[in-house]
Amino acid sequence: MTNTSGPGPSAASAPAAPPAGSAGPDDSAADPAAAAYVDTEGQERLAKAVRAAEQALIEFEIAVETFRVEVENFSRLHHQRLGPMYARLDELDALIAEAVAAHSGDRADIERAWEARALVMPMPGVEELFGGLLGADGVRPVEDPNPPRRVRPGKEAQRLYRELVRKAHPDLAQDDAEKERRSAFIARVNEAYAYADEAGLRDLAAEWEAGPAPESDLPGEAEVLYARLEWLAERKEKLAALAAELDESAIGQMMKLAPDDPDALLNEIAEQLLTQVSQREARLAELVHGASGG
């Protein structure tokens, strides 16, 4: 995932507004209008830097959140679709080891058969491989009432999501009440996006347009603006840490194998597992047939 530019550089390069009273008494007395102009100009430049940092942070947060949704969806679908296949492979390995041990009577083969059997849970049937009725541990999981359709939501859902976040992000609020309203709204936007609910995202867009206009004026005090820049920098550090954690996770590393189409990767892994299941079933049939003397 490519990180967008964050608030760090903006904070570092933000122009420093002259502190109150920094102009000498002679200068102020000579031209107080000029001193006031310099102070106002500095605060305007600082406010501009804050706005740029806010937009950069929002873009970065969009990138992190979209990647988090993909990692979470990939993990859930991986468990639902592939878990039963892994369980069946483990069961077949145990059956093969038991068949080998029964044929040879060798102590080492018997120990391997016991070890293989100790690792497995009840074997799912073939129909369950495709229905995803069992988890990787062989236990029926609590049914997800609204599972994701795909790892990556469609392009229209992505477009609607990005537009909504850019308009309604809580970091654009200038008071606690507005921030709370935006946070609750964005939580609903994130949920709709996670399930690729295009209709829901369109409804949310209409709801936002009909709602109260967001505050847009930034505080004028230099101290508040500097504190804002510091907060933005801290927020970006936390997001960067989350992005790194997602990227370095087992699922994140797996998704790197097919960054352009993670859904295709799931299908590819499923095909490979089904091939392995067929090979092991054939091997087991061969061992059982040989043992029966047929």
Side-chain angles (χ1 to χ4, degrees), residues 67-153 194-196 245-294:
F67 184 54
R68 186 198 65 77
V69 166
E70 290 180 12
V71 169
E72 181 177 322
N73 286 352
F74 191 98
S75 178
R76 292 167 64 190
L77 290 172
H78 183 275
H79 177 77
Q80 291 175 2
R81 294 177 54 188
L82 307 185
M85 297 185 189
Y86 286 117
R88 186 169 178 84
L89 284 171
D90 288 342
E91 175 66 21
L92 287 169
D93 285 340
L95 290 172
I96 290 171
E98 289 167 349
V100 170
H103 178 72
S104 69
D106 185 78
R107 183 178 181 83
D109 289 339
I110 294 174
E111 290 179 352
R112 279 192 287 270
W114 276 101
E115 291 172 357
R117 174 55 59 192
L119 294 175
V120 301
M121 298 292 287
M123 181 173 66
V126 173
E127 68 280 2
E128 292 171 317
L129 294 179
F130 296 95
L133 300 182
L134 297 182
D137 55 1
V139 178
R140 293 181 185 275
V142 176
E143 188 170 339
D144 190 340
N146 190 19
R149 301 190 195 100
R150 308 174 72 246
V151 170
R152 178 170 296 161
Y195 291 103
E245 181 180 347
L246 291 169
D247 192 59
E248 295 168 5
S249 67
I251 294 296
Q253 293 295 313
M254 188 180 298
M255 290 178 62
K256 288 182 179 180
L257 298 175
D260 296 329
D261 193 356
D263 292 282
L265 176 60
L266 278 175
N267 294 333
E268 181 181 346
I269 295 173
E271 291 176 1
Q272 293 174 355
L273 291 176
L274 284 173
T275 299
Q276 294 176 33
V277 167
S278 297
Q279 292 172 344
R280 282 169 171 74
E281 288 177 337
R283 171 60 176 159
L284 180 61
E286 178 184 338
L287 288 169
V288 173
H289 182 74
S292 64

Participant: Say you draw a straight line from CZ of R117 to CG of D90; how long is it, rounded to the nearest 0.5 Å?
Facilitator: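 Atom-to-atom, R117:CZ and D90:CG are 10.5 Å apart.
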
Participant: Is the shortest side-chain heavy-atom distance between H103 and L287 below 4.5 Å?
Facilitator: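 No; the side chains remain at least 4.5 Å from each other.
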
Participant: At what distance, to the nearest 0.5 angstrom, does CZ of R283 lie from CG of D93?
Facilitator: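 The distance works out to 11.5 Å.
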
Participant: Using the side chain to side chain contact (heavy atoms under 4.5 Å, CB included) rule, pick out the option among I110, D109, L95 that qualifies with V100.
Facilitator: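 Going through I110, D109, L95 one by one, the side chain to side chain contact (heavy atoms under 4.5 Å, CB included) with V100 is satisfied by D109 alone.
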
Participant: Is R88 salt-bridged to E91, cutoff N-O under 4.0 Å?
Facilitator: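 Not counted as a salt bridge, because no side-chain N and carboxylate O are separated by less than 4.0 Å.
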
Participant: So, taking the atom named CD1 in I96 and the one named CD in E286, what distance separates them when rounded to the nearest 0.5 Å?
Facilitator: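 So the CD1 of I96 and the CD of E286 are separated by 10.0 Å.
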
Participant: Check for a donor-acceptor pair, side chain of S75 on one end and backbone N or O of V71 on the other, with a separation under 3.5 Å.
Facilitator: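 Flag not set: sc S75 to bb V71 has no pair under 3.5 Å.
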
Participant: Kindly give the heavy-atom pair with the smallest separation between M255 and P262, and that separation in Å.
Facilitator: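 In terms of heavy atoms, the two residues are closest at CE-CB, 4.2 Å.
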
Participant: From L265 CG over to H78 NE2, what is the distance, rounded to the nearest 0.5 angstrom?
Facilitator: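 Going from the CG atom of L265 to the NE2 atom of H78 covers 8.5 Å.
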
Participant: Within the structure provided, determine whether R81 and N267 are in side-chain contact (heavy-atom separation under 4.5 Å).
Facilitator: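 They are in contact (side-chain heavy atoms under 4.5 Å apart), so the answer is yes.
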
Participant: Heavy atoms only: give me the nearest V277-L92 pair and the separation to one decimal.
Facilitator: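 In terms of heavy atoms, the two residues are closest at O-CD1, 3.8 Å.
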
Participant: Is the shortest heavy-atom distance from the side chain of I251 to the side chain of E72 under 4.5 Å?
Facilitator: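 When only atoms from C-beta onward are counted, E72 and I251 do not touch, as no gap falls below 4.5 Å.
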
Participant: Distance check, rounded to the nearest 0.5 Å: L284 atom CG versus Q279 atom CD?
Facilitator: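 Separation between the atoms: 13.5 Å.
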
Participant: Side chains of L257 and E268: closer than 4.5 Å at any heavy-atom pair?
Facilitator: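 L257 vs E268: side chains apart.
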
Participant: List the atom of V151, the atom of D263, and the distance in Å for their closest heavy-atom pair.
Facilitator: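 In this case the closest contact between V151 and D263 is N-OD1, 2.8 Å.
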
Participant: Side chains of N73 and E70, heavy atoms from C-beta outward: is any pair under 4.5 Å?
Facilitator: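 N73 does not reach E70 side chain to side chain.
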
Participant: M85 and L82: side chain to side chain contact (heavy atoms under 4.5 Å, CB included), yes or no, with the steps?
Facilitator: CA-CA 5 Å; M85 297 185 189; L82 307 185; 4.2 Å; yes

Participant: Taking atom CD of E245 as the centre, report whether more than 12 heavy atoms of other residues, nucleotides or ligands fall under 6.0 Å from it.
Facilitator: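 Not buried by this count: 12 neighbours or fewer within 6.0 Å.
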
Participant: Roughly how far apart are L89 CG and R280 CZ, rounded to 0.5 Å?
Facilitator: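 Output value for this atom pair is 5.0 Å.
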
Participant: Sub-3.5 Å donor-acceptor pair from the side chain of Q253 to the main-chain atoms of D247, do we have one?
Facilitator: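 Side chain of Q253 to backbone of D247: a pair is present.
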
Participant: Any Lys/Arg nitrogen of R152 or D261 sitting under 4.0 Å from an Asp/Glu carboxylate oxygen of the other?
Facilitator: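 Between D261 and R152 there is no salt bridge, as every charged N stays at least 4.0 Å from the carboxylate O atoms.
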
